[in-house]
Amino acid sequence: MQFHVVSDVEDNVSLHRLCGAAIPLTTWYAAYHDLIRGGQLIFVLEDLHRQYGPVVRIQPDLVHVADPRFIDKLYSQSPKQRRERFYTVLRPLFAPGSMLATQDHDLHQKRRAALNQYFSRANVRRLEDDINTTLKNLLRRFDGWAAAGEPAALMWPFKAATKDVIQNYVFGGGDQYLDMEDCNEAFFSACGPTLLTPLGIHVHWLVALMNKLPPKMMLAMVPRIVTFAEFVMGLGDQIDKIRESTDVPEKTNVFHEILRNESLPASEKTTTRLREEAMVITVAGSDTTAYTLGAIVYELLLDRSKLNRLKTELATVMTSELPPAAKLESLTYLNAIIQEALRLYPGAVHRQDRCAPDEDLIYHNPETDTTIKIPAGTGVGMAAPIVNRDRSIFGEDADEFNPDRWIDNPGMRKYLLSFSKGTRQCLGINLAYQELQTFTAGIFHKYDLYDPAKGENGQSGPTMELYKTTRRDVAMHREFVTPALPEDSKGLRVLIRR
Ligand code: HEM
């Protein structure tokens, strides 16, 4: 066992001042659970925290904290308090040109400032028509599966829908995956959660070496990434096309605006850098939202009373058409369901490791009334699957899907780590909420839960029911930044009837 408790370490050794933490002597403990056991450290962490308390050292240079009250300090909102992503988050990204993979605080701020306005609440509101059109496309596909009488694996159309929305916004168009027969399953399989993530963290040099191989050799070694590689090259072509275009109306696509942003130096506008930015935005903007949407469908089809309550609420604002997005945003139960799904089924489940390069971080443990000094430069992380289920905040039923908790106590929102917090909080948070509101409302205004007691002709409208789907087909089985399901799972499947 590589751990021992260090309550009696000497004060003058700075790293050892992480009293109360367990110290692994090498990075191999984390690598064993991350890589050899495949994305299992997130589950082990829960046991370690039970044993050693809220601060646990998981590598010689990295601690993990399980205390939502530490969020404000670690993920500071202040741009003056530098919080950089730690190498454990940066390494597996392999897109140094992207904001997500930017370590340096000042460069990150600059890159973020160029994009922030396009993802403000007001500007995302302007995407209403496009999101509504995508919903119509999605429901059209549902009709097709209903007519075929085949179970539908919803993971793919949900990913396709969210990917189409983000791509239309950032590029003003592109291939619509929702129109493809299989919703481009090959693409999403290639960029979905894999062992490459922990490989990128723990055997970084190997993945870096692979990245330097000529593309043909790389594709021969990992054939499943062909579709993804073609997509990334296509993004570069789209950027070049936008760069050369002279007739794009103002504010119709994000990259058009960035290329014309005069406060950005030319080095920030190269095709390579913008291709990496575009790749991260499209991938981060699809898988995550789609995963939570799938969880919402699963939980509502599991519980008729919650679904009925939502349908009653939707009926107050919906006819056959969708109401304005602002109306959906005001619906109490719809939004409680979404918050609860984001809490229990976050689409990004990794350890959100940061470091504060300029200051020691002081953690105060209220239970023992002790403090721990985390020296400047040390990696410190928290993870949504752990923080979001903290019983002291979310209650003894924190493992249950209970939307009412958000109605009873909306203030808990400040402890929800699903989108991270602070200066590096998710860029797409407003877009994710608006998509979840529109898609959830659109699907469940139309579909009721199939009632076997009434039979195929006994229910007046279209229905849906789970098909060979249990919690193991929706809940995280491995942490590969995004949640991975068991290898033999086909994910969320439903039978749709017209
Ligand atoms: C439910 C849906 C989503 C979840 C749960 C989610 C979660 C997250 C999390 C946890 C981070 C911080 C990662 C870290 O620091 O380690 C992040 C960052 C980011 N997300 Fe999201 N995300 C979602 C949707 C989106 C969407 C729709 C977009 C599209 C624009 C997006 C784009 C980004 C980008 C660009 C970053 C990097 C931000 C920065 O470095 O400042 N995400 N997201």
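Heavy-atom basis, side chains included; hydrogens, waters and symmetry copies ignored. As the structure lists them, so they are numbered: ligands from 1, and atoms in each ligand from 1.
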Tell me which one of [options] gets a heavy atom nearest to [atom].
atom	options	answer
atom 34 (C) of ligand 1	V349, T288, L427	L427
atom 40 (O) of ligand 1	R83, R85, R424	R85
atom 15 (O) of ligand 1	Q109, Q352, R111, R354	R354
atom 7 (C) of ligand 1	G347, G422, A383, S418	S418

Considering non-hydrogen atoms of the protein only, which is the closest contact for [atom], and what is the distance?
atom	result
atom 12 (C) of ligand 1	S420 CB, 3.8 Å
atom 38 (C) of ligand 1	R112 NH1, 3.4 Å
atom 22 (N) of ligand 1	C426 SG, 3.0 Å
atom 35 (C) of ligand 1	M99 CE, 3.6 Å
atom 27 (C) of ligand 1	G285 CA, 3.5 Å
atom 39 (C) of ligand 1	H108 NE2, 3.2 Å
atom 30 (C) of ligand 1	F119 CE2, 3.4 Å
atom 13 (C) of ligand 1	H350 NE2, 3.6 Å

Those atoms of ligand 1 less than 4.0 Å from some heavy atom in [X]:
X	result
I166	29 (C), 30 (C)
L342	1 (C)
T289	1 (C), 2 (C), 24 (C), 27 (C)
V89	16 (O)

Check: Does a sphere of radius 6.0 Å around NZ in K269 hold more than 12 heavy atoms from other residues, nucleotides or ligands, not counting ones at 6.0 Å or beyond?
Finding: yes
Check: Should we count CZ of R121 as having more than 12 external heavy atoms under 6.0 Å?
Finding: no
Margin query: Just to be sure I read this right, does ligand 1 sit under 4.0 Å from the backbone of V280, its side chain, both, or neither, counting only heavy atoms?
Written below: neither
Item checked: Note: R273-E277 ion pair, threshold 4.0 Å (strictly below) -> yes
Margin query: Strictly below 4.0 Å, N to O, side chains only: are D399 and R391 in salt-bridge contact?
Written below: yes
Next item on the list: Under the salt bridge (Lys or Arg N to Asp or Glu O under 4.0 Å) rule, what do E400 and R405 come out as? Steps first, then yes or no, please.
Entry: CA-CA 10 Å; E400 307 294 315; R405 77 177 81 246; over 6 Å; no
Can [X] and [Y] be counted as having a side-chain donor-acceptor contact under 3.5 angstrom?
X	Y	answer
R478	T197	no
D353	T88	yes
Y177	E185	no

Check: Is the F188 to F158 ring centre distance short of 6.0 Å?
Finding: no
Check: Ring centroid separation for F43 and H477, is it under 6.0 angstrom?
Finding: no
Item checked: Check: H108 and E84 side chains under 4.5 Å, non-hydrogen atoms -> no
